[in-house]
There are 2 protein chains.
Amino acid sequence: MNFIVGMSKSAETVFINYMETHNLSMTPQRKLIVETFLKTEGHFSAEHLCRLVKEKASDIGQATIYRTLKILVESGLADSMDPGDGVALYEHAYGHQHHDHLICVNCGATVEIFDETIESRQEKVAEDHGYKLTRHRMFLFGLCADCQNGSH
Amino acid sequence: MNFIVGMSKSAETVFINYMETHNLSMTPQRKLIVETFLKTEGHFSAEHLCRLVKEKASDIGQATIYRTLKILVESGLADSMDPGDGVALYEHAYGHQHHDHLICVNCGATVEIFDETIESRQEKVAEDHGYKLTRHRMFLFGLCADCQNGSH
DNA sequence: TTCTATGCAAAATGTTTGCAATCAC
DNA sequence: GTGATTGCAAACATTTTGCATAGAA
């Protein structure tokens, strides 16, 4: 379950460090939630993570899962986004470079995208308006190749 | 209150046409809500529009305002967006070209932006992944000039 | 021990819906 | 008249919070 990325620390180590420096204790609940989060690839809702966690320990309350997700985001292990329907989606952030998302409006298939030209134009546009850019969100919506063809 | 834009129809005309072709009736409530919407510039929430409408007619229910906002979006007069906090913001869409938004994270000042290069790269990135792009949303977050300086 | 974390249930938020009464055409 | 529209209140979905209990260090 470790990320082997050169000399960088594992996600677990980063999380444990964050916990220690913030006087947060490592409870079995948090351990399970973080492990489950790290094992889950892709983009998923809090509710989806809840289901996965409760499969392993049905007595964990959803409040704890939401609270731990917040810690995961603060610690830099998770990133959260809302493509527009008011439901936050989470994904791994540690060891992952910034990217935006290309989402199929029919089946939900999501591709992580990154375009240097867009990124630098964003900086420039912000500067042109006197803004100091801190972050951005970009969602491209369309029909994926599969959905353009056959079904539905 | 009319938009004088060459030969194009006024927003009211477009709305009335939409109503007729969709078998929707022009009630005094809808009339007031649409008038208020058209008079309100910028980016505002449903709740903000509710307040403005209720100042004029306190007996209009919020459900009617939400329902009318939906009609406004469907008719192409309004555009709705959610910059990320789960609250939809509305703005005029009729007679306005597409644009994205640059938002001050401190004071909320919002600038409408448009960059040809970004737009065409978005198309290309989508194509490269076999997607047929239908729409996109982009939010740039940063500190506006005012907030970089003095007050906070 | 002492302060933090938990689970539960209730609250908060923004939006939508069911329904009987009302209104537009 | 007839079907669409309204206001109300309740329902909704997601996320957050208060609180008494339980647990970590």
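Throughout, protein chains are lettered first and strands after them, A, B, ... in sequence-line order, and every chain is numbered starting at 1. Note: hydrogens, waters and symmetry copies are ignored here, and every other heavy atom, side chains too, is used.
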Practice item. Kindly indicate, with the supporting measurements, whether the criterion ring pair (Phe, Tyr, Trp, His ring centres under 6.0 Å) is fulfilled by His48(A) and His43(A). Key: CA-CA 10 Å; His48(A) 180 76; His43(A) 314 85; over 10 Å; no
Asp82(A) and Gly84(A) have their tightest heavy-atom pair at OD1-N, 2.7 Å
Within a strict 4.5 Å, meaning less than it, do heavy atoms of the Cys104(B) and Thr110(B) side chains meet? no
Sequence neighbours excluded, the answer for ring pair (Phe, Tyr, Trp, His ring centres under 6.0 Å) partners of Phe15(B) is none
- prompt: Any idea how His92(A) and His96(A) line up, ring-wise: parallel (<30°), tilted (30 to 60°), or perpendicular (>60°)?
  reply: perpendicular
From CG of Asp85(A) across to P of dT15(D) the rounded distance in Å is 10 Å
Expected string for nucleotides 18-25 of chain C under the B/S/- scheme (protein heavy atoms, under 4.0 Å, primed atoms plus P, OP1, OP2 as sugar-phosphate) is B-----SS
Separation of dG7(C) atom P from Leu32(A) atom CG, nearest Å, is 10 Å
Rounded to whole Å, the NE2-P distance (His22(B) to dT5(D)) equals 12 Å
Nearest-nucleotide check on DNA chain D, Arg30(B) vs Lys54(B); residue mapping nearer the 5' end is Arg30(B)
Rounded to whole Å, the CG-P distance (Leu89(B) to dT15(C)) equals 9 Å
Requested in this report: Return no unless some side-chain N or O of Tyr66(B) is found under 4.0 Å from OP1 or OP2 of dT15(C).
Outcome: yes
Distance-only donor-acceptor hits, side chain of residues 57-66 of chain A, under 3.5 Å, sequence neighbours excluded:
none

Here the distance between atom P of dT2(C) and atom CG of Asn23(A), to the nearest Å, is 17 Å
Problem - OP1 or OP2 of dT15(C) under 4.0 Å from side-chain N/O of Lys70(B) - result: no
Which of dT6(C), dT15(D), dG7(D) is nearest the side chain of Gln62(A)? It is dT15(D)
The residue, Thr68(A) or Gly86(B), whose nearest nucleotide of DNA chain C is more 5′ is Thr68(A)
When rounded to whole Å, the CD to P distance for the pair Glu20(B) and dA4(D) reads 16 Å
The residue, Ile33(A) or Glu47(B), whose nearest nucleotide of DNA chain C is more 5′ is Ile33(A)
- Can you say whether the rings of Phe139(B) and His101(B) are parallel (under 30°), tilted (30 to 60°) or perpendicular (over 60°)? parallel
When rounded to whole Å, the CG to C1' distance for the pair Asp59(B) and dC8(D) reads 13 Å
To the nearest angstrom, the CG-C1' distance between Asp82(A) and dT13(C) comes to 14 Å
